[in-house]
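Please read the structure below before turning to the comments.
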Amino acid sequence: MHEWSLAEAVLKSSVEEAQKRDLKRLTEVKVVLGELQGIEEEIVKFGLDNLKKGTMAENANFIFIKEHASFQCRNCQNIWELREVDLNDYSIQESIHFVPEVVHSFIRCPKCGSPDFEVVRGRGIYIKEISGED
Amino acid sequence: MMIDPRTIMVKEKFAAFKYVIPVISGKGGVGKSIISTALSLVIAKKFKTGLLDLDFWGASDHLLLEAKNQFPEEEKGILPEEIKGVKFMTVAYYTQDQPLPMRGKEYTDAFLELMAVTRWDDTECLIIDMPPGMSDPFLDILKYVKNGNCLVITIPSRLSLNIVLKTLTILKEQNIKIMGLIENMRPTSNNNQRINELARSYKVPYLGFIPYYPDLDNYLDSLSDFISTDFFQQISSIVSKGLSL
Ligand SMILES: Nc1ncnc2c1ncn2[C@@H]1O[C@H](COP(=O)(O)OP(=O)(O)OP(=O)(O)O)[C@@H](O)[C@H]1O
Ligand SMILES: [Mg+2]
Ligand SMILES: [Zn+2]
């Protein structure tokens, strides 16, 4: 599972950001999980719980926020959501799970058929907020 | 606020290699992919070596390496497939041989994603097969790879040289290390020293030439055929003579 490496990335980045702000301990980290990447929250959580031991994030509460994925066509401006797309092929879901941009290999704008669309929201994982104590 | 957790991982991953060799040109179709692939197989005899195909729009190294048509294994990250001692990563594992039309911004996202989750572990030398041009892939390498030592490929044509010189100019300006220049597809009738002299005038080592082999394509269907070619032999000898690894 590659959620583990994402957990590692979240931890390292939060700690780095906390150090930049001269924080001594991290208390809370808000992590957004974009729907498109389909990351398993439980595995990221498990990874973080293991990896944070002995770091300044040891007692931090990691809060996960799910974000729906939506797209906008650059050709016709049409906006649509991932839930409207029929992506039931498991191997396609897996491919997008690893590299969300390969969505351009598999879906088109439902209105005009263009592959030139933007993932406006809900692409993948990012850190929204950190809090801590100095 | 929005922190991208991948950037720190990507920088760390590149910094962990002893050697990172982006194979670039600026010009398309001059042999970057075939040279990168051969180079990685040759260097793998000496160092733990990886090959990253960064040409997401025109990935081709998986064809030469006969990579498996399935997802690489996962274990706390993605474990690259190992082919004749080369750890190999390409977006082709995830596109199911479909076209991947996307813009540069999306290219950067895909690049960060692949690099952040790939476990190169104790790989010492990473070869990067670059797409042509100076757009996002080239700029991302300048941004994220601080220990790169570029291998620049040209063919004798004026139409290639003009572009390659611009690539050399920007690499020099940005203080990026240049391992040297390789002249590819030299016609047997050509004995001039033009590229050699040009390399000298730019203070870039001239690492040698590879002749044009008209029937090379007949040997690209299987990896064992490819390894048996004079082309491959030529890369081997350039590595043993000229590369300061
Ligand atoms: N020395 C050579 N003799 C004969 N054919 C060659 C030689 N070098 C490369 N080729 C052929 O030239 C073509 C282009 O090579 P390759 O795909 O490696 O170039 P590239 O620089 O990676 O192209 P791109 O810019 O599209 O990524 C291929 O068909 C390859 O087999
Ligand atoms: Mg190529
Ligand atoms: Zn459209």
Side-chain angles (χ1 to χ4, degrees), chain A residues 1-18 20-21 29-32 34 36-37 39 43-44 47-48 50-51 74 89-108 114-119 123-131, chain B residues 1-13 15-16 52-54 56-59 69-80 89-121 136-137 140:
Chain A
M1 32 75 248
H2 86 300
E3 268 86 351
W4 187 278
S5 48
L6 296 174
E8 195 183 346
V10 167
L11 182 69
K12 281 191 175 160
S13 311
S14 324
V15 168
E16 189 191 55
E17 179 65 21
K20 269 191 210 153
R21 297 189 201 171
V29 180
K30 285 193 178 133
V31 182
V32 174
L36 184 60
Q37 196 168 21
I39 296 168
I43 309 179
V44 180
L48 281 167
N50 277 277
L51 292 163
R74 294 187 179 105
D89 181 328
Y90 174 73
S91 69
I92 292 180
Q93 287 173 21
E94 274 293 285
S95 296
I96 296 173
H97 171 58
F98 289 116
V99 185
E101 283 59 46
V102 303
V103 70
H104 291 94
S105 292
F106 303 112
I107 76 173
R108 300 286 180 261
S114 172
D116 187 11
F117 55 83
E118 187 178 353
V119 183
R123 175 201 173 275
I125 188 167
Y126 68 92
I127 299 161
K128 195 171 183 219
E129 215 176 292
I130 67 163
S131 339
Chain B
M1 185 179 106
M2 181 168 167
I3 301 171
D4 187 338
R6 300 168 302 176
T7 46
I8 185 171
M9 295 294 278
V10 171
K11 285 185 179 161
E12 273 186 15
K13 287 204 177 171
L52 176 62
D53 189 343
L54 265 199
F56 294 166
W57 293 293
N69 188 10
Q70 64 187 51
F71 296 131
E73 275 176 54
E74 284 179 81
E75 159 90 51
K76 296 186 174 178
I78 296 176
L79 296 171
M89 185 45 86
T90 171
V91 79
Y93 287 122
Y94 306 106
T95 54
Q96 303 183 16
D97 218 19
Q98 295 300 308
L100 181 54
M102 60 179 176
R103 294 194 180 240
K105 167 181 175 288
E106 289 150 356
Y107 167 91
T108 296
D109 257 325
F111 159 67
L112 291 176
E113 198 70 41
L114 258 197
M115 212 41 215
V117 300
T118 301
R119 278 185 52 188
W120 297 101
D121 293 349
D136 303 63
D140 280 338

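Naming: A, B, ... by sequence-line order, numbering from 1 per chain.
- Of all heavy-atom pairs between A:S5 and B:G77, the closest is OG-CA, 3.6 Å.
- Proximity to chain B (any heavy atom under 4.5 Å) is restricted, for A:F117, to the backbone atoms N, CA, C and O.
- The line from OG1 of B:T95 to CD of A:E101 is 13.0 Å long, rounded to the nearest 0.5 Å.
- Rounding to the nearest 0.5 angstrom, the gap separating the CD1 atom in B:I3 from the CD1 atom in A:I130 is 5.5 Å.
- Residues B:D109 and A:P100 form no side-chain contact, since every pair of their non-hydrogen atoms from C-beta on lies 4.5 Å or further apart.
- Minimum heavy-atom separation, A:E94 to B:F71: CB-CE1, 3.4 Å.
- For B:K13, the salt bridge (Lys or Arg N to Asp or Glu O under 4.0 Å) criterion is met by no residue, not counting sequence neighbours.
- Counting all heavy atoms, side chain and backbone alike, B:Y94 lies closest to A:V102 at O-CG2, 3.5 Å.
- Heavy-atom distances place both the backbone and the side chain of A:S91 under 4.5 Å from chain B.
- Only the side chain of B:E113 comes within less than 4.5 Å of a heavy atom in chain A; its backbone stays farther off.
- For B:M9, the part lying under 4.5 angstrom from a heavy atom of chain A is the side chain only.
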Check the pair B:K105, A:E118 against side-chain contact (heavy atoms from CB on, under 4.5 Å), reporting the backbone distance first and the verdict last. CA-CA 10 Å; B:K105 167 181 175 288; A:E118 187 178 353; 3.9 Å; yes
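- Closest non-hydrogen pair, B:L100 versus A:S105, comes out as CD1-OG, 3.4 Å.
- Residues B:I8 and A:S13 come closest through the heavy atom pair CG2-OG, 3.2 Å.
- Counting heavy atoms from C-beta on, the side chains of B:E74 and A:F98 come closer than 4.5 Å.
- Neither the backbone nor the side chain of A:L11 comes within contact range of chain B; no heavy atom of the residue lies under 4.5 Å from a heavy atom of that chain.
- In this structure, the portions of B:A110 lying under 4.5 Å from any heavy atom of chain A include both its backbone and its side chain.
- Looking at every heavy atom in both residues, A:S95 comes nearest to B:Q96 through OG-NE2, 3.5 Å.
- Taking CE of B:M1 as the start and NZ of A:K30 as the end, the distance is 10.0 Å to the nearest 0.5 Å.
- Per-residue counts of heavy-atom pairs under 4.5 Å with chain A were compared for B:Q98, B:E106, B:E73; the largest is that of B:E106.
- Of the two parts of B:L114, only the side chain, counted from C-beta on, holds a non-hydrogen atom closer than 4.5 Å to a non-hydrogen atom of chain A.
- Comparing B:E12, B:M102, B:R103 by heavy-atom pairs within less than 4.5 Å of chain A, the highest count is held by B:R103.
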